[in-house]
Amino acid sequence: MKNIYLLSSPSYTVVTSEIKRITEDNSNITYESLNSTTIYDCIDDASYFGLFDEKRIIVIRDVKYFGGKFNYEEEVEALINFFSSLDDSMTIIFVCDSITKTKDSTKRVLALGAEILDYQELTEEKIKDIINGYLETNKITIEKNALELVLKNSLNNVDIAIKDIEKVANIDNHITTDLINEFGIKLENVDTFEFSNAVIAKKFDIAFSLLDKLLASGIDEFQILGVLSSSYVNMYMVRDAINHGLTDEEVAKKLGYSGTGRVYVMKKNSKIYTTEDLEKIIIDLSDLDIKLKSGYNANYKLKEFLLKL
């Protein structure tokens with residue numbers, strides 16, 4: 001079996017934890033991004049082995065070959081040819097924007113023994129598993145009600161939830177509901193949701209005004225990002241489910257909604273977008289998340305995102 005992985009998730013936490021699990025602390029890892037290099041350069045690099053290298057891992061980010069509507073026939077053919085000579089000493093992890101199992105390129109790689117790790121849709125159970133793993137690793141305990149409050153305030157965004165837990169754990173590594181209420185993030189601010197609604201409706205004059213107000217008030221940029229991400233991901237999941245023939249009731253049950261009201265809202269909000277539009281926006285939000293975590297100016301990057309919509 002080839003050591004090839006197709007990994008996809010909107011969550012930075014999920015991507016990094018899966019890479020860590022696969023690599024098993026192997027330090028001989030090379031990271032590449034197809035936004036800054038070509039797949040041919042990656043293949044050339046992967047073909048080189050040092051004299052004493054027993055195992056080597058290459059992580060290639062921003063991969064579009066296994067999802068979306070374009071075929072990238074030449075690049076995929078070059079990959080298939082390279083995979084034919086791959087042995088157990090090499091592991092390649094493709095961090096994909098999206099994965100479509102029925103796409104020809106995906107089926108060809110799967111036929112070679114690749115494994116798909118698709119976490120684009122994170123259930124609440126999966127989110128809790130990820131958080132519990134983080135808690136155990138970092139020796140943090142949290143009350144059940146406190147965890148539920150974190151999930152509510154983060155709109156079930158696992159990255160924001162863990163960021164919130166990490167912040168509160170600096171005060172006390174046994175996290176209570178009182179600590180979350182006092183020091184945790186709070187997304188109940190109506191202006192945050194007004195901003196999200198303005199962005200979704202493409203009312204950019206209102207959106208830019210509210211963004212300035214939110215940032216001036218000192219609100220955490222990841223709270224803003226969390227609201228936007230949750231809205232667009234939910235619109236995409238509802239649209240995709242409807243496109244696959246599910247009824248409103250079936251969609252609500254599949255996505256864990258309490259009723260069909262939220263399905264109706266997501267359908268209404270998404271009318272001005274195509275499925276491809278929503279997919280691209282989610283990818284852009286994921287890129288924005290990484291940039292903000294890398295120290296980019298939040299004001300500039302958030303406004304840059306709005307201008308690209």
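Note that CZ of Phe222 is 10.5 Å distant from OG of Ser229, once rounded to the nearest 0.5 Å.
Within the 3.5 Å criterion, the main-chain N or O of Phe66 finds no donor-acceptor partner in the side chain of Lys103. Between the side chain of Ser286 and the main chain of Ile282, no donor-acceptor pair closer than 3.5 Å is present. Counting only distance, with no hydrogens or angles, the side chain of Asn28 and the backbone of Lys55 share a donor-acceptor pair below 3.5 Å. Without hydrogens or angle criteria, Ser8 side chain to Cys96 main chain gives a donor-acceptor distance under 3.5 Å. Proximity of a side-chain donor or acceptor of Asn234 to a complementary backbone N or O of Ser230 within less than 3.5 Å is detected. Within the 3.5 Å criterion, the main-chain N or O of Asn81 finds a donor-acceptor partner in the side chain of Ser84. Distance alone, capped at 3.5 Å, is enough to place a donor-acceptor pair between the Thr123 side chain and the Lys126 backbone.
Side-chain atoms of Asp277 and Thr274 form a donor-acceptor pair, as typed in the model, at a separation below 3.5 Å. With hydrogens and angles left out, the side-chain atoms of Asn243 and Thr275 include a donor and acceptor closer than 3.5 Å.
Here Thr23 pairs with nothing under the side-chain hydrogen bond (donor to acceptor under 3.5 Å, both in side chains) rule; sequence neighbours left out. Under the side-chain contact (heavy atoms from CB on, under 4.5 Å) criterion, Val251 pairs with Val238, Ala241, Ile242, Leu246, Leu255, Val263, sequence neighbours left out. Shown here are the side-chain contact (heavy atoms from CB on, under 4.5 Å) partners of Ile116, two or more places apart in sequence or in another chain: Leu6, Ile99, Lys101, Thr106, Leu110, Asp118. Partners of Phe208 under the ring-ring contact (aromatic ring centres under 6.0 Å, His included) rule, at least two apart in sequence or in another chain, do not exist in this structure. Residues that satisfy the side-chain hydrogen bond (donor to acceptor under 3.5 Å, both in side chains) test with Ser11, not counting sequence neighbours, are Asp159. For Glu221, the side-chain contact (heavy atoms from CB on, under 4.5 Å) partners two or more places apart in sequence, or in a different chain, are Leu292, Ala298, Leu302. Every residue two or more places apart in sequence or in another chain that forms a salt bridge (Lys or Arg N to Asp or Glu O under 4.0 Å) with Asp284 is listed here: Lys280. Under the ring-ring contact (aromatic ring centres under 6.0 Å, His included) criterion, Tyr72 pairs with Tyr65, sequence neighbours left out.
Lys291 and Asp287 are not joined by a salt bridge, as no carboxylate oxygen comes within less than 4.0 angstrom of a charged side-chain nitrogen. A salt bridge links Lys128 and Glu148; the closest N-O separation between the charged side-chain nitrogens and carboxylate oxygens is under 4.0 Å.
Judged as a salt bridge (Lys or Arg N to Asp or Glu O under 4.0 Å), the pairs with a partner in residues 297-309 (not counting sequence neighbours) are, in order, Asp212-Lys303, Lys301-Glu304. Screening residues 76-86 for salt bridge (Lys or Arg N to Asp or Glu O under 4.0 Å), with sequence neighbours left out, gives Glu77-Arg108. Here salt bridge (Lys or Arg N to Asp or Glu O under 4.0 Å) pairs that include residues 242-262, with residues two or more places apart or in two chains, are Asp248-Lys267.
Exactly one of Leu7, Leu79, Asp62, Leu34 qualifies for a side-chain contact (heavy atoms from CB on, under 4.5 Å) with Phe94. That residue is Leu79.
Within the 4.5 Å cutoff, no side-chain heavy atoms of Ile93 are placed close to those of Leu117. The shortest distance between side-chain heavy atoms of Val227 and Phe195 does not fall below 4.5 Å.
The two residues Ala46 and Phe82 make their nearest non-hydrogen contact at CB-CZ, 3.5 Å.
By the 4.5 Å side-chain criterion applied to Ile, Leu, Val, Met, Phe, Trp and Tyr, Ile290 is assigned to a cluster that also includes Tyr12.
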